[in-house]
Amino acid sequence: MSSRINVTRREFQDSYRRHYKMYKQTTGSEKSRRLLLFYSVECGLKSLLMKDLGKDTYEDFVECCGSEKKELTGHNVSAMLKKLNPHSSYCLKKIPLKRGGYASPDKFNELWRYGAALAEGDEEEKAEKVLVKIAEWIHTKL
């Protein structure tokens with residue numbers, strides 16, 4: 001096992017709830033709020049994946065992911081959602097960056113953590129709205 005902290009499914013679930021509550025209550029920096037939202041969704045999706053696979057610890061979850069390990073155990077919320085709900089209508093798109101390139105959904109945490117400048121301002125808002133819809137969907141499944 002890597003140096004990851006071996007948290008339980010319940011701890012992921014509690015983190016989803018705690019981060020989402022803070023997202024909804026926090027005012028101020030939009031990037032910081034969106035970062036809380038992103039981590040809320042990531043924790044919620046991991047909790048749901050662990051539940052579906054019958055795994056109670058992160059270590060067991062990582063061991064059972066096989067070829068999808070990197071996509072499901074990292075920050076790729078799109079891959080996690082696709083695994084849980086292949087017919088989902090929730091679509092997260094790449095966000096164009098001011099200095100070239102894009103931030104793909106698995107890099108949204110870096111985008112909001114580091115505050116990279118964007119080519120278009122409304123793309124962040126669109127991504128946030130989709131993440132909120134995913135967070136609400138997670139709430140119905142936990």
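Heavy atoms only: backbone and side chains are in, while hydrogens, waters and symmetry mates are out. Position 1 is the first residue of the sequence, and the numbers go up from there. Values in this document were obtained by computation on a predicted structure and should not be read as measured data.
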Checking side-chain contact (heavy atoms from CB on, under 4.5 Å) for the pair Thr57/Val7: CA distance, chi angles, key distance, verdict?
-> CA-CA 6 Å; Thr57 66; Val7 297; over 6 Å; no
Quick check: does any side chain N or O of [X] sit under 3.5 Å from a backbone N or O of [Y], one acting as donor and the other as acceptor?
{"X": "Ser40", "Y": "Tyr16", "result": "yes"}
{"X": "Asp60", "Y": "Lys55", "result": "no"}
{"X": "Glu110", "Y": "Lys107", "result": "no"}

Measuring from atom [atom1] of [X] to atom [atom2] of [Y], what distance do you get when rounded to the nearest 0.5 angstrom?
{"X": "Glu11", "Y": "Cys43", "atom1": "CD", "atom2": "SG", "answer": "10.5 Å"}
{"X": "Glu123", "Y": "Glu125", "atom1": "CD", "atom2": "CD", "answer": "9.5 Å"}
{"X": "His75", "Y": "Ser104", "atom1": "NE2", "atom2": "OG", "answer": "11.5 Å"}
{"X": "Tyr102", "Y": "Ile95", "atom1": "OH", "atom2": "CD1", "answer": "12.0 Å"}
{"X": "Glu120", "Y": "Lys98", "atom1": "CD", "atom2": "NZ", "answer": "13.0 Å"}

Do you know which two heavy atoms are closest between [X] and [Y], and how far apart they sit?
{"X": "Leu53", "Y": "Cys64", "answer": "CD1-SG, 3.6 Å"}
{"X": "Phe108", "Y": "Ala103", "answer": "CE2-O, 3.3 Å"}
{"X": "Ala127", "Y": "Leu92", "answer": "O-CD2, 3.8 Å"}
{"X": "Tyr20", "Y": "Ala135", "answer": "CE1-CB, 3.6 Å"}
{"X": "Val62", "Y": "Arg4", "answer": "CG2-NH1, 3.7 Å"}
{"X": "Thr73", "Y": "Cys65", "answer": "CG2-SG, 4.0 Å"}

Do Leu131 and Leu142 share a hydrophobic cluster (ILVMFWY, side-chain heavy atoms under 4.5 Å, transitive)?
->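 Same cluster: Leu131 reaches Leu142 through Ile, Leu, Val, Met, Phe, Trp or Tyr contacts under 4.5 Å.
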Parallel, tilted or perpendicular for Phe61 and Tyr58, by the 30°/60° rule?
->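 Ring orientation, 0 to 90° scale: tilted.
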Classify the angle between the aromatic ring planes of Tyr39 and His19 as parallel (below 30°), tilted (30 to 60°) or perpendicular (above 60°).
->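 The rings of Tyr39 and His19 sit tilted, inter-plane angle from 30° to 60°.
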Could you tell me if the side chain of [Y] sits less than 4.5 Å from the side chain of [X], heavy atoms only?
{"X": "Asn76", "Y": "Leu72", "answer": "no"}
{"X": "Val77", "Y": "Ile134", "answer": "no"}
{"X": "Arg10", "Y": "Lys51", "answer": "no"}

State whether [X] and [Y] are salt-bridged, where the test is any N-O pair (Lys NZ or Arg NE/NH1/NH2 against Asp/Glu carboxylate O) under 4.0 Å.
{"X": "Glu136", "Y": "Lys133", "result": "no"}
{"X": "Arg18", "Y": "Asp14", "result": "no"}
{"X": "Glu124", "Y": "Lys31", "result": "yes"}
{"X": "Glu42", "Y": "Lys46", "result": "yes"}

Member of Asn85, Leu45, Asp106 meeting the side chain to side chain contact (heavy atoms under 4.5 Å, CB included) criterion with Met80 =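 That would be Leu45; it is the only one of Asn85, Leu45, Asp106 passing the side chain to side chain contact (heavy atoms under 4.5 Å, CB included) with Met80.
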Leu81/Trp137 under side-chain contact (heavy atoms from CB on, under 4.5 Å): CA gap, chis, key distance, verdict = CA-CA 10 Å; Leu81 185 61; Trp137 175 80; 3.8 Å; yes
When you look at Arg33 and Glu128, which way does the salt bridge (Lys or Arg N to Asp or Glu O under 4.0 Å) test go after all the steps?
-> CA-CA 10 Å; Arg33 288 186 74 239; Glu128 181 178 4; 3.6 Å; yes
